Peer 1: 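Dropping the structure in here first, questions after.
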Amino acid sequence: MHAHDAGQIARIRCGHCNIKRFYKPRELREIIGNVSIDDVRARVRCEKCGSKESINAELFHAVGQEAVTIRFRRLVEIRWVKRVIWRDE
């Protein structure tokens, strides 16, 4: 929560796919909880390759041209999936 109040941005990058995504810390908090950026790194996985090992997450302040060109991934909704599990007897 302190990162959001300080105006920081979360950058999560997959080292395997070389994909960078930018998030607002408040929206990450809704999904993962109020945790440190190191805990975020441990809890996310790449959407493209599914890797958890090559994830890099950091907080930073955007300045200059970078602040204008960043495209954020925004949280639209959270869906909880109900799965049925069967057992044969």
Side-chain angles (χ1 to χ4, degrees):
M1 192 61 196
H2 298 294
H4 178 76
D5 294 339
Q8 292 181 318
I9 297 170
R11 176 177 27 221
I12 299 177
R13 180 182 168 275
C14 176
H16 187 266
C17 300
N18 198 26
I19 293 177
K20 281 189 269 187
R21 306 278 192 206
F22 299 95
Y23 300 90
K24 298 203 179 236
R26 176 172 281 184
E27 293 178 356
L28 285 177
R29 187 188 73 159
E30 287 185 42
I31 299 168
I32 300 172
N34 195 12
V35 297
S36 70
I37 194 68
D38 294 328
D39 291 333
V40 170
R41 185 180 303 120
R43 294 182 186 191
V44 297
R45 96 177 35 243
C46 178
E47 290 181 12
K48 186 174 180 183
C49 70
S51 174
K52 280 184 101 170
E53 293 79 28
S54 58
I55 294 293
N56 182 4
E58 62 183 350
L59 293 170
F60 70 100
H61 290 281
V63 293
Q65 183 65 25
E66 185 179 33
V68 178
T69 60
I70 289 178
R71 291 186 52 191
F72 288 99
R73 293 199 89 194
R74 301 304 305 260
L75 180 63
V76 175
E77 67 179 321
I78 298 173
R79 291 185 185 176
W80 296 99
V81 178
K82 186 175 185 178
R83 292 187 181 157
V84 178
I85 300 172
W86 297 94
R87 179 180 68 222
D88 292 331
E89 293 183 1

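These values consider heavy atoms only, across backbone and side chains, with no hydrogens, waters or symmetry-generated copies. Just so it is clear, the structure is predicted and the values come from calculations on it, not from any experiment. The residues of the chain are indexed from 1 along the displayed sequence.
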Peer 1: Is there a side-chain contact between Arg13 and Ile55 in this structure, where contact means two heavy atoms from C-beta onward sitting under 4.5 Å apart?
Peer 2: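 In short, these two side chains do not touch, never coming nearer than 4.5 Å.
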Peer 1: Atom CD in Glu30, atom NZ in Lys24: separation rounded to 0.5 Å?
Peer 2: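 With rounding to 0.5 Å, CD (Glu30) is 13.0 Å from NZ (Lys24).
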Peer 1: Got a sec, which hydrophobics cluster with Val84, joining ILVMFWY side chains under 4.5 Å apart, including via others?
Peer 2: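 Under the 4.5 Å side-chain rule, Val84 groups with Trp86.
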Peer 1: Give the cluster check for Val63 versus Val68: same hydrophobic cluster or not, with ILVMFWY residues linked at side-chain heavy-atom distances below 4.5 Å.
Peer 2: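 Hydrophobic grouping puts Val63 apart from Val68.
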Peer 1: Which heavy atom of Leu59 sits nearest a heavy atom of Gln8, and at what distance?
Peer 2: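 Where Leu59 meets Gln8 most closely, the heavy atoms are CD1-OE1, 3.7 Å.
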Peer 1: A side-chain contact here means heavy atoms from C-beta on lying under 4.5 Å apart; do Asn56 and Arg11 qualify?
Peer 2: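 No, their side chains stay 4.5 Å or more apart.
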Peer 1: I'd like to know if Glu89 and Arg87 make a salt bridge, using a cut-off of under 4.0 Å between side-chain N and carboxylate O.
Peer 2: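 Yes, charged N to carboxylate O under 4.0 Å.
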Peer 1: In this structure, are over 12 heavy atoms from other groups packed under 6.0 Å from His16 atom NE2?
Peer 2: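 12 or below, so no.
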Peer 1: Hey, are the side chains of Ile12 and Val40 touching, using non-hydrogen atoms and a 4.5 Å cut-off?
Peer 2: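 Of all side-chain heavy-atom pairs linking Val40 with Ile12, at least one is under 4.5 Å.
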Peer 1: Give me the other members of the hydrophobic cluster that Ile70 sits in, counting Ile, Leu, Val, Met, Phe, Trp and Tyr linked by side-chain heavy atoms under 4.5 Å, directly or via other members.
Peer 2: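 Besides Ile70, the hydrophobic cluster comprises Ile9, Phe22, Phe60, Phe72, listed by chain and residue number.
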Peer 1: With a 4.5 Å heavy-atom cut-off, do Cys14 and Cys49 have their side chains touching?
Peer 2: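 Side chain of Cys14 against side chain of Cys49, heavy atoms only: contact under 4.5 Å found.
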Peer 1: Quick check on the hydrophobic clustering: are Ile19 and Tyr23 connected, directly or via other members, by side-chain heavy-atom contacts under 4.5 Å?
Peer 2: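 No, separate clusters.
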Peer 1: Using salt bridge (charged side-chain N to carboxylate O under 4.0 Å, His left out), reason through Glu47 and Arg73 one step at a time and then give a plain yes or no.
Peer 2: CA-CA 13 Å; Glu47 290 181 12; Arg73 293 199 89 194; 2.9 Å; yes
Peer 1: With salt bridge (charged side-chain N to carboxylate O under 4.0 Å, His left out) as the test, would you mind laying out the steps for Arg29 and Glu27 before giving the verdict?
Peer 2: CA-CA 5 Å; Arg29 187 188 73 159; Glu27 293 178 356; over 6 Å; no
Peer 1: Quick check: closest heavy atoms across Arg41 and Ala57, and the distance to 0.1 Å?
Peer 2: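 Closest heavy-atom pair between Arg41 and Ala57: NH2-O, 2.6 Å.
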Peer 1: Under 4.5 Å between side-chain heavy atoms, hopping through other hydrophobics if needed: is there a path connecting Val76 to Trp80?
Peer 2: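 They do not share one cluster, since no chain of ILVMFWY contacts under 4.5 Å joins Val76 to Trp80.
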Peer 1: In the hydrophobic cluster built from side-chain contacts under 4.5 Å, what are the other members alongside Val81?
Peer 2: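 The other cluster members (ILVMFWY side chains, heavy atoms under 4.5 Å, direct or chained): none.
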